[in-house]
K.L.:
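Questions regarding the structure given below will be posed in turn.
We name chains A, B, ... by the order of the sequence lines, and we start the count at 1 in each one.
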There are 2 protein chains.
Amino acid sequence: MRRDVFQAIADPTRREIIQMVATTPLNVNTVAENFDVSRTAVYKHIKILTECGLIVMRQKGRERYCEAQLERLQEVADWAELYKKMWSARFGLLDNVLEGLQAKDKKPGRKK
Amino acid sequence: MRRDVFQAIADPTRREIIQMVATTPLNVNTVAENFDVSRTAVYKHIKILTECGLIVMRQKGRERYCEAQLERLQEVADWAELYKKMWSARFGLLDNVLEGLQAKDKKPGRKK
DNA sequence: TTATTATACAACCAAAAGGTTACATATATT
DNA sequence: AATATATGTAACCTTTTGGTTGTATAATAA
């Protein structure tokens, strides 16, 4: 049972679930209603997301609400950002960024 | 044959391959030597990475060099960044950032 | 020309992933 | 108490994934 964040977000359904609960917690059935696969299938996706810490379940009566807990996406953001920067650097874009920063120091109000 | 970037980077071996060729292009065998699975297995991973546009192959004699082409990681960076921000906002960290920016306007040299 | 080297790829296999239906359980509702 | 609702989970199935070995082909070296 590999349960790292990269693998968790590989599935498009799971990314949709994240999107759904990112702003408002939703109970399992409400999440499931928005997909054309079975409730059980959606439940399994939710389980995977909780197991890797991207969602927490909060019981409320007989319902369980899925609440986004997205700080573990930091790992993904950092990883992608690192290589994006490497890639940019190859094309001298990093130089432009640095140049931009220097210019900003001299002209603080400068836009773009 | 689903071949989106999220799925491509889900596999740890493929992330290692990306790391290896991120700075210097390497031929297939050189990449393969660094793993304890067969050359064929590594070759398949490389193929997946080329199919989703994260690597390009450049022939040089009988060798083929794997060259990183990582701009498509932008999609991943953007996605993770979006939800990371949403998450931060929930805890008022965004407020702090905004506050920080305002403070910076008044006291430009301020640290932290 | 005859190896040797670097790569491509077919054929096959086991395990994991993603799905299903059926059933169990706990909490409302009537 | 009886029924309905929301959820958890077992058992099963199919497809995909990640791996293997073996063979074919193209470029280089001897």
K.L.:
CZ of B:Arg3 versus P of D:dG18: gap in Å, rounded?
P.N.:
9 Å
K.L.:
Ignoring hydrogens and angles, are the base of D:dT9 and the side chain of A:Thr40 linked by a donor-acceptor pair under 3.5 Å?
P.N.:
yes
K.L.:
Is there any side-chain hydrogen bond (donor to acceptor under 3.5 Å, both in side chains) pair reaching into residues 28-38 of chain B, and which pairs are they, with sequence neighbours excluded?
P.N.:
B:Asn27-B:Thr30
K.L.:
B:Leu26 has an atom CG; how far is it from atom C1' of C:dT7, in whole Å?
P.N.:
16 Å
K.L.:
Mind calculating the distance between CZ (B:Arg15) and C1' (D:dG18) to the nearest angstrom?
P.N.:
15 Å
K.L.:
Quick one: A:His45 NE2 to C:dT20 P, roughly how many Å, whole number?
P.N.:
9 Å
K.L.:
Any side-chain N or O of A:Asn29 less than 4.0 Å from the OP1 or OP2 oxygen of D:dT7?
P.N.:
yes
K.L.:
I want to verify a distance call: between D:dT20, C:dT21, C:dA6, whose nearest atom is closest to the A:Ser38 side chain?
P.N.:
C:dT21
K.L.:
Tell me the interatomic distance from A:Asp11, atom CG, to D:dT15, atom P, rounded to whole angstroms.
P.N.:
17 Å
K.L.:
Look at the side chain of A:Thr13 and decide which nucleotide, out of C:dT7, C:dG19, D:dA6, has an atom nearest to it.
P.N.:
C:dG19
K.L.:
Whole-Å distance between D:dT16 C1' and B:Glu51 CD?
P.N.:
14 Å
K.L.:
Using modelled atom types only, decide if a donor and an acceptor are shared between the side chain of B:Gln59 and the backbone of B:Gly61 within a distance under 3.5 Å.
P.N.:
yes
K.L.:
Mark yes or no for a side-chain to base donor-acceptor pair under 3.5 Å between A:Lys47 and D:dT7, with no hydrogen or angle criteria applied.
P.N.:
no
K.L.:
Taking the side chain from B:Arg3 and the backbone from B:Cys52, do they hold a donor-acceptor pair closer than 3.5 Å?
P.N.:
no
K.L.:
By nearest heavy atom, map A:Lys60 and A:Arg39 onto DNA chain C; which one lands nearer the 5' end?
P.N.:
A:Arg39
K.L.:
Rounded to whole Å, how long is the line connecting atom NZ of A:Lys44 with atom P of C:dT21?
P.N.:
12 Å
K.L.:
May I ask you to verify if any side-chain N or O of B:Tyr43 is less than 4.0 angstrom from the OP1 or OP2 atom of C:dC9?
P.N.:
yes
K.L.:
Donor-acceptor pair, B:Thr50 side chain versus B:Lys47 backbone, under 3.5 Å?
P.N.:
yes
K.L.:
Answer yes or no: side-chain N or O of A:Arg62 and base N or O of D:dT5 forming a donor-acceptor pair under 3.5 Å.
P.N.:
yes
K.L.:
Are B:Tyr43 and B:Phe35 joined in one hydrophobic group, where the rule is that I, L, V, M, F, W and Y side chains link up if heavy atoms are under 4.5 Å apart?
P.N.:
yes
K.L.:
Provide, to the nearest angstrom, the distance between the CD atom belonging to A:Gln59 and the C1' atom belonging to C:dA28.
P.N.:
12 Å
K.L.:
For DNA chain C, whose closest nucleotide is more 5', that of A:Asp36 or that of A:Glu63?
P.N.:
A:Asp36
